[in-house]
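Heads up, the thing below is written out as structure tokens.
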Amino acid sequence: MAYRAYMGKTGMFLPRGLERFLIPTSNFGKVLLAIGFGAMVIGAAFLLRAYTISQLTTWTKAQNVTGIAILPEDGVMMDHRMTDILALKEVKDRLS
């Protein structure tokens with residue numbers, strides 16, 4: 001019984017007063033809250049993806065070939081070696 005009383009006056013994730021203020025009581029409000037939360041999560045995921053891609057060290061060639069360096073310092077080595085790698089017969093056969 002004591003735990004049931006505790007649950008009645010304590011919020012699930014936030015303090016009870018804050019939960020009452022933030023969580024809507026109507027079904028329409030709850031659906032709107034769920035859609036808004038989902039849109040926020042998906043938007044944040046796209047922003048994180050864009051940031052991650054912008055931080056990658058890449059090498060791109062006109063033949064639709066993109067190389068991703070493991071370390072940022074490897075970008076200089078890729079500039080010198082990727083042309084030779086693309087000239088190899090095995091790589092040319094695979095790309096065509």
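Please read these numbers as outputs of a predicted model, since none were measured by experiment.
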Q | Exceeds 12 heavy-atom contacts within 6.0 angstrom, atom CZ of Arg16 | A | yes
I'd like a table of donor-acceptor pairs (distance under 3.5 Å, sequence neighbours excluded) in which one partner is a side-chain atom from residues 24-46, with atom names and distances.
residue	atom	partner	partner atom	Å
Ser26	OG	Gly29	N	3.0

Q: Drop me the distance from Arg81's CZ to Asp74's CG, to the nearest 0.5 angstrom.
A: 9.0 Å
Q. With hydrophobic residues grouped by side-chain heavy-atom distances under 4.5 Å, do Met82 and Met77 end up in a single group?
A. no
Q) Residues two or more places apart in sequence or in another chain: which of them pass side-chain hydrogen bond (donor to acceptor under 3.5 Å, both in side chains) with Asp79? A) none
Q.
Distance check, rounded to the nearest 0.5 Å: Thr57 atom OG1 versus Glu73 atom CD?
A. 8.0 Å
Q.
Please find the pair of heavy atoms, one from Ala69 and one from Gly75, that lie closest to each other, and give the distance.
A. CB-N, 4.2 Å
Q | From CG (Leu95) to CG (Leu86), nearest 0.5 Å | A | 6.5 Å
**Q.** Nearest non-hydrogen partners of Trp59 and Met78, listed with the distance
**A.** CB-CE, 3.4 Å
Q.
Check this for me: Leu88, atom CG, are more than 12 non-hydrogen atoms of other residues, nucleotides or ligands nearer than 6.0 Å?
A. yes
Q) Do the side chain of Ser96 and the main chain of Asp93 share a donor and acceptor less than 3.5 angstrom apart? A) yes
Q: Taking side-chain hydrogen bond (donor to acceptor under 3.5 Å, both in side chains) as the test, write out the residues that go with Lys9, two or more places apart.
A: none
